[in-house]
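Treat the numbers as computed from the prediction; the structure is a model and nothing was measured. Here is the naming used below: chain letters follow the sequence lines, and residue numbers restart at 1 for every chain. What you see below is based on every heavy atom in this structure, not just the backbone, and it leaves out hydrogens, waters and symmetry mates.
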Protein chains: 4
Amino acid sequence: MIDIFSKHESQVRSYCRSFPAVFVSARGSRMTDATGRTYIDLLSGAGALNYGHNNPAIVEVVADYLAGGGIVHSLDLHTQAKADFIECFQEVILQPRGLSYKLQFPGPTGTNAIEAAVKLARKATGRVNVVAFTNAYHGMTLGSLGLTANLAKRKAAGVPSIGAVFMPYDGFLGDIDTMAVIRAMLRSDGSGVEAPAAIILELVQGEGGLNVASTVWLRRLAALAAKLGALLIVDDVQAGNGRTGSFFSFEGTGVTPDVVVLSKSLSGFGAPFSLVLIRPEHDVWKPGEHNGTFRGNNLAFVGATKALNTYWRDTALSSAVCRKAEVVSRRLKRIANAIQPGLARPKGRGLFQGLEFSRGDDARLIAASLYVAGIMIETCGPDNRVLKLLPALTIDDQDLDLALDHIEDEVIKLLGRADLPLSA
Amino acid sequence: MIDIFSKHESQVRSYCRSFPAVFVSARGSRMTDATGRTYIDLLSGAGALNYGHNNPAIVEVVADYLAGGGIVHSLDLHTQAKADFIECFQEVILQPRGLSYKLQFPGPTGTNAIEAAVKLARKATGRVNVVAFTNAYHGMTLGSLGLTANLAKRKAAGVPSIGAVFMPYDGFLGDIDTMAVIRAMLRSDGSGVEAPAAIILELVQGEGGLNVASTVWLRRLAALAAKLGALLIVDDVQAGNGRTGSFFSFEGTGVTPDVVVLSKSLSGFGAPFSLVLIRPEHDVWKPGEHNGTFRGNNLAFVGATKALNTYWRDTALSSAVCRKAEVVSRRLKRIANAIQPGLARPKGRGLFQGLEFSRGDDARLIAASLYVAGIMIETCGPDNRVLKLLPALTIDDQDLDLALDHIEDEVIKLLGRADLPLSA
Amino acid sequence: MIDIFSKHESQVRSYCRSFPAVFVSARGSRMTDATGRTYIDLLSGAGALNYGHNNPAIVEVVADYLAGGGIVHSLDLHTQAKADFIECFQEVILQPRGLSYKLQFPGPTGTNAIEAAVKLARKATGRVNVVAFTNAYHGMTLGSLGLTANLAKRKAAGVPSIGAVFMPYDGFLGDIDTMAVIRAMLRSDGSGVEAPAAIILELVQGEGGLNVASTVWLRRLAALAAKLGALLIVDDVQAGNGRTGSFFSFEGTGVTPDVVVLSKSLSGFGAPFSLVLIRPEHDVWKPGEHNGTFRGNNLAFVGATKALNTYWRDTALSSAVCRKAEVVSRRLKRIANAIQPGLARPKGRGLFQGLEFSRGDDARLIAASLYVAGIMIETCGPDNRVLKLLPALTIDDQDLDLALDHIEDEVIKLLGRADLPLSA
Amino acid sequence: MIDIFSKHESQVRSYCRSFPAVFVSARGSRMTDATGRTYIDLLSGAGALNYGHNNPAIVEVVADYLAGGGIVHSLDLHTQAKADFIECFQEVILQPRGLSYKLQFPGPTGTNAIEAAVKLARKATGRVNVVAFTNAYHGMTLGSLGLTANLAKRKAAGVPSIGAVFMPYDGFLGDIDTMAVIRAMLRSDGSGVEAPAAIILELVQGEGGLNVASTVWLRRLAALAAKLGALLIVDDVQAGNGRTGSFFSFEGTGVTPDVVVLSKSLSGFGAPFSLVLIRPEHDVWKPGEHNGTFRGNNLAFVGATKALNTYWRDTALSSAVCRKAEVVSRRLKRIANAIQPGLARPKGRGLFQGLEFSRGDDARLIAASLYVAGIMIETCGPDNRVLKLLPALTIDDQDLDLALDHIEDEVIKLLGRADLPLSA
């Protein structure tokens, strides 16, 4: 059956090259292929399945909605499902956190929401420049791509970008204080860098290698943005929806972004959905100035409402994520210590962690072996040196342990024990 | 309840300003609001609901798939649902039409697919310029927006576009042969216009005012593209999926585009989905060079497969569309003739027709009255002068007649009978 | 000695490849090479030597100024020489023609002046787009190059241009009314072309092939620019300074441009000099916003003042140009008629005329033979099909006749007499 | 007479606002105004008059050349004057320094030469990005302006720049090693900054505030450029022609740029002239790919040849510059020490030095007082905080001392003696 894909689908396909099975069903953290084999899924749809595949509570309400003749597609018309989602988001997410945002529903993908956020920032400030960071990834449509640091991907645009300026992310310059560099480049009249419309970042860089922005650094960045009159945009497409333990990645930092972008896991069951949160004073859109056919994906509204009600009215999920994150963290440290020093180091936070390998192909080789062993896991970062663990937040402890055991085995198999000489 | 929207949703919302009811359910061409009132829907989700709301055959298989634990989200992994769709698309759509295309599944929105198509054309040709047409609309992300003629929308980008060149669409210059102009501007070395990577168009301009490209003109354009070594991209996002009577809008023209973009109604039930069809020789993508989290929307695969099997294995739908198109056409002519000459003229083809009014606000006023009368219909074109009928292809004859009766009534109410003097 | 050039000078050199002699002196329309051979110069420094080489009256005052210790270089400081020029320009050129312009002295090259004019137009209007024409040539620095239609030259920029839109020049579309096309593309909201900051053109396209804008067309263009709120910029770098018979090329058309750019022959003796004339209401520059080290070239001021005083206080030169233009015109017609019909047609106006050949290499071959015969003449237009006569305005009648005789001989030698069959 | 300028000249004029006299003659370092008053000129035409005004030896040969009927204007034809210059430049400048460059003569301004250099780098590498530095100034035409750090000047372009990336110049980040930052941003795949076509810099930033690149830093930069495959372009427009003591600013550093740009003082007497030096392997121009009407300014060739023969065949001028630079350096230190600590610090090298004041308006106030005292001097750097001494290299010691005495007086007058409390 794989012939169907190689024969008829474009060369652009990628994940299926690393994980070539044909999958037929999935539940929670397990996927099953056409031969009946099951895999533990540490991809989670690149972060789109934080509540696991086919989360029963969520899927049930979606199926009921469909069965009841609920509207599926509605452009941006008022629907009951949308009203319910908006109310729930206010009540469960924004109000308890003291946040005040207007909600924009753009086309239901992360990149579309990023484009909307950046357009809005340019419109609100009358400026052109947008500051993005080293190793940033924000999407593949032209506007987002211009803010994506990966040059191979950006080159595919075929046109140079306008108004994107890259600054070093926290830690990118080793011992050098990146914020001092950023300030000098953005605040000095003679720097050559125009005052930006926005500064956009992920608090944990998902594709960029699980680099983490420290709270202190983020606060300095937010203060700088405020001084410059630039909007601070947090891209929480991958880091949001509980991935770091809290619903938003910036909770607890004291920083309130001007704009927040959510997508991926927001619908609760993997349906396309995205959301731009805009501080009311920046909601300068004219009617219809950014639109899209699928901006009213009611199945996503229904699923998202259920997900919020199920997982974010109390702290059970958050606590579980923190507990599991602790497990992952401990195990990754143990693995790093089990092999020759310097070969691997743990990165990330929450259930958004990984191991960065210092040698070129190690991460990829390990991911390949793990697939053979029944664990689906991807790599990220420049040169794909980071093995990236992105389990469902709801993964059960046994599966998580099992996956970590396999990872430990494969790492040690490839790189040897710390107490043994490295194989040539 | 409308307060929820005005209080919490961004100013950007648009359709709900013209149609402010809160909708709770829908079926076929009828939508029902929270007060129990029903409306005849001539919007059809801006063309995303060609098979009507909640088409029972389609929704049923989607619900069954969900109930059966079928994979919902899969990035671009191989899934059974995707294999089934690809096979079905080959068998039902491409092979019978003698077409050979590779399928690319980008992020599931029209604009994302347009961005992919344009990137690919630039990559395949090594050129920058893309020719778009007057009154073109291709989407709201930066790359697509650069190809969109509406200046208010494009201005919202906040940055000038690179590499977009606008040429007059068939009929745009009145009596002047637009193709002679286009040829001179694209083929002469001294014209100042660089050889394009692609020429992109809709065969019926959906947002641009229901302008129709004639077959002769299209053939000349395709021949020109071939001579220039430019890819001909047909944006069939709104005009495809049977809207003009045939599955693709270009069937019967003798022209085979290099790239075709589909979206909107493709899933069959309004779920986000898009597809780029690429002639095999142009499939120069490297793995992962254009990706997106939701490019494997399996509910859409399942719905689309069912829609193709139900409606495109025989000619029943096509014939029905042609028959209804004839009805619409006849009625619109009658309406235009019923009022003062020159005030309105019919446009479009298939179930993609409308009335262009020569005076500024007529179309909007009529649409507003129609909403009061229970008919949902939108306007399009520069200054929104075109009343645009976009019924479900599956609308039953009574509803279509009823809608047309209402339209006739409202037009005559506003503009008077041809045999009576126009009210001051 | 030619070795010096081929060994040490960049490959970029061009004229010297067609005219490889080493020149040592020049006077009027005659150049003398190192072997003592003289040539009749129909290049006139690409229009920079309208008063001939080393015009004695002009060179004398320049030499006197130098000898007297007059300031040579002065940035934009006030100097006596500059004051004299400004007064003279007012008195001799602007006032008699009822023109009111502010004078800007940018860096002393045509392209620098074009850049200044375009920057000013963008600043004055707050718009980005600039409309240039097919076959336009405005210079080689990045801003001017973006407005230059020649694609080979423009490609050398290495970056796509922003904000340049090309429209068909008068006659470019054969029988089609180019102004109808331009209007439709610039005035319709749905055309996709943003309202321009400026429309820039030469009234006779010097590099572009001696295409002439008719007065009626120019008036319609000026009216359109006014309606659009765009500045009309006339590039009189090559067509000004008397080349068409009047000082400015637009005299007698009834059109007063918003901005006029002069350079080339302005200094009177071939010294670098340029001038931007700005309608007072558009002089929105801030101090120093466009500058340049050599914007106060006092030798050029001195030469220019002398040239104006000598040639533009009465109509003698104008009359002589018109008389000689008539001679050229008559002879070119005779030549065209002497050969097979359709092979050549006269173009241009004033002493800015030429012959366009329908076959690819004819113009170049003829120019090459003429060089052998002692006539220096260049080609222009797409594919260099136009033999371009650019004699000094002060050329004496014998030299002009002699040159025309040679041209006639060479054309007939290559293309045969009209009454004889064309050689295979 | 000043009315002539305010009435008829554009608002863009700038130097004449600070130095409003009307100048009539000049010689060496002295300018004389219409009232007979003389000034010591420390502007030197913004570096265009390194050999003083009307240097007698140079002016004499230029006058003789004119008198002898030598060709003034020649496009890029071979002329004796050009051959002489090329030979002289080889013999006097390049060969003794072991340098091998092809010579390109673009339009005769610094900005035109920068544009040529940057175009060539893009063409030679097939890349778009060009790295410029904080506080860089490279000219006012669009390509150069994009590489100019001053935002007010750049904003006047009216269009965003493409392909310019600004990096911190040596010292810009205080204690932070700028080269470490630059390396990280240019060499890491994940940095988001595309590999550059060129890195362009001045070794002493003339407009940017007399910042000096250290030799060690320059070497590291050159090594980085080589590793990146980027061309190293040294803009020696202001820093070359002996300004720093050696002919080129990079002599003695061990670095050989790929491209060097010269202009300003090159002609020897202030005539427009510029030159691009290209390592032979990078001379990938096609004939005529960058041209310009005034690229054969023979008066400049003649003057330049004389200047080279007079001043660069021995080390007398170099030694004198070093000696005078030492004087300036000592005096500026003394002045800085004479006032309150921290108020002023000396900067620059060679006869390219100045005093940076820590408080906003000090430099401008001092320059204004100096003008009253008969000293013409300008300010530079962000906020114009640097008083910039740019005497002719040939200034005699008395004038230099006199000027320095005046500077000392005015500084102390405004800022008080170090041993006295600062006036409130």
List the atom pairs, donor and acceptor, that lie under 3.5 Å between side-chain atoms in residues 268-278 of chain D and the rest of the protein, sequence neighbours left out.
{"residue": "Ser274(D)", "atom": "OG", "partner": "Gly107(D)", "partner atom": "O", "Å": "2.9"}
{"residue": "Ser274(D)", "atom": "OG", "partner": "Thr109(D)", "partner atom": "O", "Å": "3.3"}

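- Proximity to chain D (any heavy atom under 4.5 Å) is shown, for Asn112(C), by both the backbone and the side chain.
- Heavy-atom distances place no part of Phe89(D) under 4.5 Å from chain C, backbone and side chain included.
- For the atom pair CG of Leu142(C) and OG1 of Thr141(D), the computed distance is 8.0 Å after rounding to the nearest 0.5 Å.
- Contact count versus chain D (heavy atoms, under 4.5 Å) is highest, among Gly296(C), Ala152(C), Ser44(C), Pro20(C), for Pro20(C).
- Both the backbone and the side chain of Gln80(D) come within less than 4.5 Å of a heavy atom in chain C.
- For a residue to count as touching a neighbouring chain, one of its non-hydrogen atoms must lie under 4.5 Å from one of that chain's; by this rule His8(D) touches chain C with backbone and side chain alike.
- With a threshold of 4.5 angstrom between heavy atoms, Ala21(C) approaches chain D through N, CA, C or O but not through any side-chain atom.
- Heavy-atom distances place both the backbone and the side chain of Gln11(C) under 4.5 Å from chain D.
- Here the side chain of Lys264(C) pairs no donor or acceptor atom with the backbone of Phe294(D) at under 3.5 angstrom.
- With contacts defined as side-chain heavy-atom distances shorter than 4.5 Å, the pair Met140(D)/Lys119(C) qualifies.
- Within the 4.5 angstrom heavy-atom criterion, atoms from both the backbone and the side chain of Thr79(D) approach chain C.
- Ranked by heavy-atom pairs under 4.5 Å with chain C, the list Gly163(D), Pro108(D), Ser100(D) is led by Pro108(D).
- Only the side chain of Asn297(C) comes within contact range of chain D, with at least one heavy atom under 4.5 Å from a heavy atom of that chain.
- Contact of Gln90(C) with chain D is made through the side chain alone, with heavy-atom distances under 4.5 Å.
- For chain C, the nearby part of Ala157(D) is the backbone; its heavy atoms alone come within less than 4.5 Å.
- Each of Arg27(C), His53(C), Lys7(C) has some count of heavy-atom pairs under 4.5 Å with chain D, and the biggest count is that of Lys7(C).
- Only the side chain of Leu299(C) has a heavy atom closer than 4.5 Å to any heavy atom of chain D.
- Shown here for Val128(D) and Gly158(C), the closest heavy-atom pair between the two residues is CG2-O, 3.7 Å.
- Using modelled atom types, one finds no donor on one side chain facing an acceptor on the other under 3.5 Å when comparing Lys102(D) with Ser10(C).
- Contacts between Asn54(D) and chain C at a heavy-atom distance below 4.5 Å involve the side chain alone, from C-beta outward.
- How far OG of Ser14(D) is from CH2 of Trp285(C): 12.0 Å, rounded to the nearest 0.5 Å.
- Per-residue counts of heavy-atom pairs under 4.5 Å with chain D were compared for Arg122(C), Arg127(C), Lys123(C); the largest is that of Arg122(C).
- Heavy atoms closer than 4.5 Å to chain D are found nowhere in Ile114(C), neither backbone nor side chain.
- A distance of 10.0 Å separates CG of Leu49(C) from CD1 of Ile71(D), quoted to the nearest 0.5 Å.
- In this structure, chain D has a heavy atom under 4.5 Å from the backbone of Lys286(C), while its side chain stays farther away.
- Separation of atoms OH (Tyr15(C)) and NE2 (His78(D)) is listed at 14.5 Å; rounding is to 0.5 Å.
- For Ile4(D), the parts lying near chain C are the backbone and the side chain together; criterion is any non-hydrogen pair under 4.5 Å.
- Looking at Lys82(C) and Phe5(D), their side chains come closer than 4.5 Å, going by heavy atoms from C-beta outward.
- Using a 4.5 Å cut-off between heavy atoms, Leu94(D) does not touch chain C at all.
- The shortest heavy-atom contact between Glu289(D) and Val12(C) is N-CG2, 3.8 Å.
- Both the backbone and the side chain of Ala83(D) come within less than 4.5 Å of a heavy atom in chain C.
- The two atoms that bring Leu77(C) and Met376(D) nearest to each other are CD1-CE, 3.8 Å, heavy atoms only.
- To the nearest 0.5 Å, atom OH of residue Tyr137(D) and atom CG of residue Asn291(C) are 4.0 Å apart.
- The distance from atom CZ of Phe19(D) to atom CG of Asp76(C), rounded to the nearest 0.5 Å, is 10.5 Å.
- Both the backbone and the side chain of Leu66(D) come within contact range of chain C, judged by heavy atoms closer than 4.5 Å.
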